[in-house]
Every structure is written in C-alpha cells, then in structure tokens.
Amino acid sequence: MLPSRFLLLSLLLILFFNAVHSKPKFFPSSSSVSSKIGLGYRVVSVEETPDGSLLARLQVKKPNKIYGPDIPYLQLFVKHETNDRLRVHITDAEKQRWEVPYNLLPREQPPVMKQTIGKSTKNTITGSEYVGSNLIFSYTSDPFSFLVKRKSNGDILFDSSSSDSDPYSNLVFKDQYLEISTKLPEDAALYGLGENTQPHGIRIYPNDPYTLYTTDVSAINLNTDLYGSHPVYMDLRNEGGKASAHAVLLLNSNGMDVFYRGKSLTYKVIGGVLDFYFFSGPSPLDVVQQYTSLIGKPAPMPYWAFGFHQCRWGYHNLSVIEDVVENYQKAQIPLDVIWTDDDHMDGKKDFTLNPVNYPRPKFLAFLDKIHSIGMKYIVIIDPGIAVNSSYGVHQRGLENDVFIKYQGEPFLAQVWPGAVNFPDFLNPKTVLWWGDEVRRFHELVPVDGLWLDMNEVSNFCSGLCKIPKGKQCPTGTGPGWICCLDCKNITKTRWDDPPYKINASGLQVPIGFKTIATSAVHYNGVLEYDAHSLYGFSQSVATHKALLGLEGKRPFILSRSTFVGSGKYAAHWTGDNKGTWDDLKYSISTMLNFGIFGMPMVGSDICGFYPAPTEELCNRWIELGAFYPFSRDHANYYSPRQELYQWESVAISGRNALGMRYKLLPYLYTLNYEAHTTGAPIARPLFFSFPDLKECYNVSTQFLLGSSVLVSPVLEKGKTKVSAMFPPGTWYSLFDMKQTIVSDEVQYLSLPAPLHVINVHLYQNSILPMQQGGLISKEARKTPFTFIVAFPADDSKGEAKGKLFLDEDEHPEISLGDGLSTYVELYATVSQGSVKVWSEVQEGKFALEKGWIVEKLIVLGLDASKRAQALEINGNAVEEGSNIEFYTSEQSYQQAELEDGGDKRKTAMVEVRGLSLSVGKNFEVFWKMG
C-alpha cells in the first residue's frame, strides 16, 4: 500500500515528543480517587413511550467547571431493539448533539422528550426494571446509574454505579468531556477496542492504554491509536466451566481514552453522545452475529480475492510488474492479483496514469493479457486531491464544491503530490463527484479494485497552511513526507485545543497533529472534531457505491482507516508493520480482533512492510500469511525486493503453504458466504469453537479458519518445532492426514515444524470441501472436488457435517435463489461398521451448469481392523471392475505416550477414488467396514 510511510517519521516523533513532554504516566493509579468529577445526575422524570421504550430526564446534581460546564439536563432513552440487543442512549435533553450520522450507519433515531425544563412528571414506570427477552435494564435514581443484567441467570454485564472507593466518577456529561464506567469481574476475558497493536495478545490487558482516534501512526507502535476506531468489546465469562459472552458497543466517533483496570472499565470521550448497545450472546459467535446485524454484515468478496496478492511501493514501470507476474509463473507459485502503489500515477495524482512509465496502450495490453487468464489488477487511491489548475479531478472538485473547508476555503494540506484538498464524503455531492471520477479512471484503466490509503486522514503538515511562494513544494528530492508548506499552528478554538487531552499517538499530541485541523468544517457545518474518525468509513461507502455502478460487479475495496460498519463495504490490512518476529506474532491478534469488529477479510503485509526481512522470517511469514483471510506480500519503497521467488527457500514455503490455500479455496469462499449472511469471522480465536475451555482464552499464537481448521505457525527465530494447544477430541493433519492427535483433555504438544512446514489440522465432526489447487484461482476452481470427512478416531458411532457455497463470484449479491449460486449441505455418519456420506443440495442448477464433480471422498478415523467393502452409490451397488476403488491407510498418532505405555488405537484413512458425483445433485455413498 502507500502506507503510512511514517515508519521512520513516527520513530523520530516518538523521540521528539518524549523529549519535550515531561508528562505523567498515561494510566492513572488504580488507587487514585481524587480524579473524580462531580456527583453525577439524578432522575427527575421517567415515562414509557407508545412502543414500550423507556424515556427519562436526568438533572445534574452539583455543577462544576472541570473540563467545562456540565450539561444541566440529559435525556435517557432505553429500548430492547431485538430479543438480544438493548440500546441505552444518553444525550443533551435541550440541544441536538453530534452523533454518527444516521444515513451513514442506519439505525433507529431516539424520540424527543417533550417536557418543561426542570419540571418532573409522574413516574409512569412501575419499579426500576425494564425487562426484555434476554437482557434486563435497571436504574438507580440518585445518583443515576444503570445495570444491564442477563435475564437467564442475573449476571451483571454492565454496572455504571460508583462508590466512594472506586477510582472513577459517576456519570459526567459536558460538551467536550463525557465519562462513564462499569464494574467488571476480575476474571472476565475482554477482547476488542481497536485498532491497536497489542503486545500481550488478543486479550485486552489491564492498565494498557486504549485510545481510539484514527491516526496515521505506523502499526509498529504498540498500544497506540492506529488507523481505525472500533469502540466495541466482547466480554467472555466462565462460571463452573460454562461460558457466556456478550458485547458492548459505544457508538461514538469522537476521540476517546478507555481505561481497563481489571475490575472496571472507564470511557473518557471528548464529544458526542453516549449511545450504548448491549448484545446478549451467549456464545462468541452469537455476539458477532448480533453485532453485525446492527452495523451491517461483512461485504461479500469475489472468489479471486482469496487468492494470493503481490504488491510493492516501488514498481517503477510497467516492465517491472510484467516481470513480477512472469517470475511467479516461472517459480510455480500461485498468484491472482498484482498491485501497484502510487508508481503508476502521473505526479502521484489520483486517477491518473504516468505516460512514460505506464504508457496507456502498453498498460491496456498488459491488463488484457492478465485478465484473459483470470488475474486481476488493483491500484491505490489516496484521499488528498492535488491542488493543480491543470488537473481535471481537482478542478471538477472545486466546481462541485466537494472539499472540506476552513474559514470558507478548501482546507489545504500536503500529501504525496504536494498541496492537496480533501474531499468531504459526508457531502452527497462529493459522493456523486467521486463516483464520476472513479468511472472516468476505470475508462482509462479497467482496474479490478481500489485500495484506499492515508484516509485517517494523513497530512504531512499540521495547522493552517499556505502554498509557499518562490519555492518548489515538494522539491522532488529527499523523503516525500517532509512538510514544505508554510504553516502555523491552530490553537485558538476549543476544538483544536480541547480541555481533555486524549492520549493521541500514544504521546498526547494535539488531535489535529498531522491530520485535518479539527476546527475545519464538513457538509452542513459538521466539525472535523466530531467526524474525524469517520473519514475512512465514509470514503469506503462512497467508493463501494462508485464501483457497484461501473459494471455491476462485486466491488473489492481495501481500506486502511476503518470504523464501526466499515466491514459492510471494505476489507482491511493491518498497515505498516515491520519485518520482525514480533510483528509476525502481533499480526494474529490484530487479524482476530477485526473478525470481532465485523471485518473478516483482513491480513498483514507478508514478510513485513519495512525494513528488509530475513530469509528465515519470510519463510515463516508466508507459511502463516497463506492462511490470513486476505493474503498479500507488500514492501516499502526503500526495502529490498521481497517477492516470494527472491529466495529459493521462500519459494518452496510459498508453494507448500499457498498450495494448501488454493486447495482450501472452496472452504474459504464458503466462509465468505457465511460471513456475509451471518457475520461469522473467517479467522477466529479458539474460544469461538471451544468457549467453555478457559485455556483457549489467551491463545494468540494459533487460530481457526471457520470452526474446524486449526493453524499453528512457527513464530520464533531458529525454531524447528512449534508448541501448540489442542482442545479435546481428534485432530488430523491436513498436510498428512494419516497423522492424528487424540486427547480427552486439553493437550499441549511440540510438533515438528522444519523450515518449509506449517502445521494445519482438521477437527473431528467436520467435512471439508477441497479442490486440487492450481496457480490461479480461476483454474483451481475448475478442478474436481475432494470431500474430507473427519470422524472422532475409532468411535463406533460418529457424525460429521460440512457446507459448500458456489456462485457466480463477481455478481454483486451473494445469495441463493437467483439461479447464480448453489448451496450444498454435507453429512456423514458411521454406526456399527456402516459408513454413509451424503449431500443435500439447494439451487443445484448453477453447479450443474458448471459441471463440478466430486472425484474423491477421504474418510478419517475409521476402525483399522476392518476392511471397506460393499460400496453403494445412490442406492446402487458398485460392481467389481469399475473405476471406483477403496484405498486404506493406517493412521499414526502425534502425542505423549499413554499411562499404560502406549497408544492402542488403530484407525484408518479410507479413500474412495474414481467417483464422478455431480456437486449439483444430491448424492449418497454407503459402505460397510467388515
């Protein structure tokens, strides 16, 4: 990508700010009570609305001036919006306040309480409990606080009360400072609150700083507000071995600090409203399904997006990317998509083509060539539009009045092309203008997707700037990120210098530092102060609309900056990482968090963006990265080339790991369908499938694809073994299905993992659809299917299930019933020596037209002392001499010796080869183990 190329810059900034800011430690002492602000609010009236919601009026108890005057009267709105979702909305009772726009993230608007200031009405609610199907809301009147409880067992999920001994205040609500807290059980496991790079793993760690404010700060910075803002957390609890999960979303786009102390969590927000949503779960998968029902289900991705992607900042001309494609083919390493950073642009200007390095006739010929074999091409787009009188994109923007303003003029900033203005995607006219520019560019170059970078927004300058007279800016030499505009700080407004300082960039820098001035103005007078963290989200929405309008194809958008709901429109990569072993490890936690955030199509720059990775690290990174939902190698302009074929050893690892990925494409694409229809993440923490096992709650070095494929990568230098945790049951190695792991309890094993090996295992009770793979997804998709049936090892009775979704993958919608898709449910049983595998097909016409067949069944975990015989297909006996044959292999075990001195299990892998079963028709295969 065109990353926050502030890798070097961010390091310099850290040194600079550490030197000039002798501030106290960010996180307050847990014993500190002196920071309490005011006495909170009291309830003065409460009523029930016609639709059964609760509406109340609150009055401040004792006003104070800390961080500004209190808002005297608040409105509380509470509604059970669904059986599993509760909303608690608190705002100014007298004046409208900024909220995430309802047209950007559609949801119900609270009613307005009609009441004279200060005058209480009769309480029309009996008691203080408001009961829904799964959640109960209750409140205390004076001082006001509220509880959210689980109806089934009374478990308190959120408690905003504050006692004298608590290190936080009761409710505080000022114009630029909102504070609210909740008590938490100390053993609760919390996940979410991003985007940040978490060194302790996926679980939220007590006393680490969590600041949410979209910022172009490299992902190499730990515990720092990064590119996205996702103020949601999942809370997983376990009582007596039985887990329950819920989630809490504070829908607010203003900057905030979140303090997690282990026994409590406090929000300190610099504007907006308190708009809480509680999701009852009770399973982690339920939580994400409920969450995405509110914010939008993840965007469906085209099939090719699950292939491998290659990118680099520094593909200087067309011949370079032609060589890259050719070298991947020569090395026999799969590749679906080639990307260019800003190298293809004319003067780094959006929607342009460099006439010398990327001449259009030759470029179109190259695109025709790669499109003919099914490959795709994606380019970068930055939000900054170059200020240039001869640049049509900017001139049309001025004519349509689409740019963010400061004091009535387009706000001036600097990014790669030099002086720029930023489009205001909250303006409906901007969305139309943007769509027209995307259309014009697509007519120039028929790209297959767009990559949205620098959209936090990133600015190389700070403050109010002017184009310097008498000098060139930028100079064209040296680092392109040095500010060369004439600028002065803007600190005269309370929006540029708010009373409460969030821990921006991990250094409490001004919130307008290296971005748009927070007193700048969007459409309808909206302040950048309020809308800042929505920029990338609103750009993704506009870009999605633009791409849909081009050819009616399914859009592919990759966005660096994200917000609640971005997953409905875009994929995400984790930004500017380093080629280090630590960054390799961190990538797993960030990937898993984004699944919880409703953005399942996510991955990190494979081999690291900067600096140069070692050969060993790149081997291990492609082994892991081959199993990211979004799998892309990307490198910095100043780094050596790191395509997978640059080292022969990495090429071997790439062929092995990507070879397996391409066999798993039908499974990954089925998970894509499930993500779009249910919200389920593609890559998941182990506790999603094993929520009752506390041992899974901290696992951040392994992950699941779907519910049953376990990935256990090597994450340390010089290691040829990997320590992996296996929940109880049977696990089969996908690279050698004769290798089996069985345990009745959680087991920790040291598995062989020489340089070119990654351990990937399939769990019992599942059926995995696979194909034969290939060098490009279009060709791999045409190959015959193999269904892997995983039974519990040597159980006399067992079952397995699986799913397969197939469609015309570039069609905008991903759904059944349009004649362009097929859905297959797969089942298998073993009982008293009889094995049955069958399918139930919905909308089989599409698969029949494509001619897909099942060529092989592989059934794992059968009794090795018996022989497969008496095969029947669709009720008809298979005669001897047919092409259909059984092949049986005995399985071995990777685990510690049993107490009696050895493992007595004898299980077999049985293959049924030579089949020709139509995927589009129900089938039944039956045989006996005799």
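In this text the structure is predicted, and so the values were computed from the model without any measurement.
- Contact of the Ser649 side chain with the His756 side chain is registered, since non-hydrogen atoms from C-beta on lie closer than 4.5 Å.
- The two residues Ser700 and Gly201 make their nearest non-hydrogen contact at OG-CA, 3.4 Å.
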- Task: Evaluate side chain to side chain contact (heavy atoms under 4.5 Å, CB included) for Val757 paired with Phe735, printing each intermediate quantity in order.
- Result: CA-CA 9 Å; Val757 170; Phe735 284 93; over 6 Å; no
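- No hydrogens or angles considered: nothing links the side chains of Asp736 and Ser733 as a donor-acceptor pair under 3.5 Å.
- For the pair Gln771 (side chain) and Thr783 (backbone), a donor-acceptor distance under 3.5 Å is present.
- In this structure, CE on Met909 lies 7.0 Å from CG on Leu860, to the nearest 0.5 angstrom.
- In terms of heavy atoms, Pro769 sits closest to Pro666 at O-CG, 3.7 Å.
- Put simply, the residue from Leu762, Leu857, Leu826, Leu804 that forms a side-chain contact (heavy atoms from CB on, under 4.5 Å) with Ile767 is Leu826.
- No side-chain donor-acceptor contact under 3.5 Å links Glu326 and Gln329.
- Inspection of the Asp576 and Ser218 side chains reveals no N or O donor paired with an N or O acceptor under 3.5 Å.
- Looking at Val835, Thr888, Asp863, Val859 one by one, the single match for side-chain contact (heavy atoms from CB on, under 4.5 Å) with Met929 turns out to be Val835.
- Counting non-hydrogen atoms of neighbouring residues, nucleotides and ligands closer than 6.0 angstrom, the OH atom of Tyr205 reaches no more than 12 such neighbours.
- Across all non-hydrogen atoms, the minimal contact from Val337 to Trp304 is CG2-CE3, 3.5 Å.
- Glu195 places no side-chain N or O within donor-acceptor distance of the main-chain N or O of Leu226, the cut-off being under 3.5 Å.
- The distance from the CE atom of Met375 to the CG atom of Asp448 is 10.0 Å, given to the nearest 0.5 Å.
- Not a single donor-acceptor pair under 3.5 Å links the side chain of Asp633 to the backbone N or O of Gln310.
- For Val722 against Pro713, the heavy-atom pair with the smallest separation is CG2-O, 3.3 Å.
- Proximity of Val714 to Ile758: side-chain heavy atoms (C-beta onward) are nowhere separated by under 4.5 Å.
- Partner Ser892 forms a side-chain hydrogen bond (donor to acceptor under 3.5 Å, both in side chains) with one of Lys738, Lys906, Gln739 and no other, that one being Gln739.
- Residues Asp323 and Tyr645 approach most closely at O-OH, 4.4 Å, considering heavy atoms.
- For the residue pair Tyr893/Thr907, the side-chain donor-acceptor check at 3.5 Å is satisfied.
- Ring geometry for His761 against Phe726 counts as perpendicular: the plane angle is over 60°, on a 0 to 90° scale with 30° as the lower cut.
- Cation-pi contact between Arg781 and Tyr669: present, with separation from the ring centre below 6.0 Å and deviation from the ring axis of at most 45°.
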- Test side-chain hydrogen bond (donor to acceptor under 3.5 Å, both in side chains) applied to Asp341 and Tyr637, step by step: CA-CA 10 Å; Asp341 206 301; Tyr637 185 95; over 6 Å; no
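- Relative orientation of the Phe785 and Trp852 rings is perpendicular, given thresholds of 30° and 60° on the angle between their planes.
- Using a 4.5 Å heavy-atom threshold, the side chains of Ile682 and Met301 count as separate.
- By the 4.5 Å heavy-atom criterion applied to side chains, Tyr732 and Gln891 are counted as neighbours.
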- Task: Under the side chain to side chain contact (heavy atoms under 4.5 Å, CB included) rule, what do Leu665 and Tyr303 come out as? Steps first, then yes or no, please.
- Result: CA-CA 8 Å; Leu665 284 176; Tyr303 200 89; 3.3 Å; yes
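- Expressed to the nearest 0.5 Å, how far CG of Leu644 lies from CD1 of Ile622 amounts to 4.5 Å.
- Under the 3.5 Å distance criterion, with hydrogens and angles disregarded, a donor-acceptor pair is assigned to the side chains of Tyr662 and Asp336.
- A cation-pi contact links Arg913 to Tyr887, judged by a cut-off of 6.0 Å to the six-membered ring centre and 45° from its axis.
- Less than 6.0 angstrom separates the ring centroid of Phe690 from the ring centroid of Tyr763.
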- Could you walk me through whether Ile373 and Lys778 pass the side chain to side chain contact (heavy atoms under 4.5 Å, CB included) check? CA-CA 8 Å; Ile373 61 172; Lys778 180 180 178 180; over 6 Å; no
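- No side-chain donor-acceptor contact under 3.5 Å links Asn759 to the backbone of Ala753.
- Judged purely by atom type and a 3.5 angstrom limit, Asn196 has no side-chain atom pairing as donor or acceptor with the backbone of Thr224.
- Looking only at distances, no side-chain donor or acceptor of Gln642 sits under 3.5 Å from a matching main-chain atom of Asn636.
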- Check against side chain to side chain contact (heavy atoms under 4.5 Å, CB included), Phe688 and Leu592: CA-CA 11 Å; Phe688 266 66; Leu592 296 178; over 6 Å; no
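- For the atom pair CD1 (Ile321) and CG (Asp343), the distance works out to 9.5 Å, reported to the nearest 0.5 Å.
- Side-chain atoms of Arg661 come within 3.5 Å of backbone atoms of Ala626 as a donor-acceptor pair (strictly under, hydrogens ignored).
- In this structure, the side chain of Asp809 does not engage the main chain of Pro302 through any donor-acceptor pair within 3.5 Å.
- Val650 places a side-chain heavy atom less than 4.5 Å from the side chain of Glu615.
- Using a 3.5 Å distance cut-off with no hydrogens or angles, the side chains of Tyr377 and Thr340 do pair a donor with an acceptor.
- A donor-acceptor pair under 3.5 Å is formed between the side chain of Tyr191 and the backbone N or O of Tyr697.
- Once rounded to the nearest 0.5 Å, the distance linking CG of Leu668 with NZ of Lys663 reads 14.0 Å.
- Checked against His200 for a side-chain hydrogen bond (donor to acceptor under 3.5 Å, both in side chains), the options Asn698, Asn223, Asp208 give a single hit: Asp208.
- Inter-residue side-chain proximity for Leu768 and Leu664 is flagged as met; some heavy-atom pair is nearer than 4.5 Å.
- Side-chain contact between Ile884 and Leu915 is present, with at least one heavy-atom pair separated by less than 4.5 Å.
- Defined by atom type and a distance below 3.5 Å, a donor-acceptor pair is present between the side-chain atoms of Ser587 and Tyr628.
- Nearest heavy atom pair, residue Val288 against residue Gly595, reads CG1-O, 3.9 Å.
- Using a 4.0 Å cut-off between charged nitrogen and carboxylate oxygen, Glu616 and Lys717 do not count as a salt-bridge pair.
- Side-chain N or O atoms of Ser589 include one that pairs as donor or acceptor with a backbone N or O of Ile202 at under 3.5 Å.
- With contacts defined as side-chain heavy-atom distances shorter than 4.5 Å, the pair Thr562/Phe597 does not qualify.
- Between the NZ atom in Lys578 and the OH atom in Tyr610 there is a gap of 8.0 Å [rounded to 0.5 Å].
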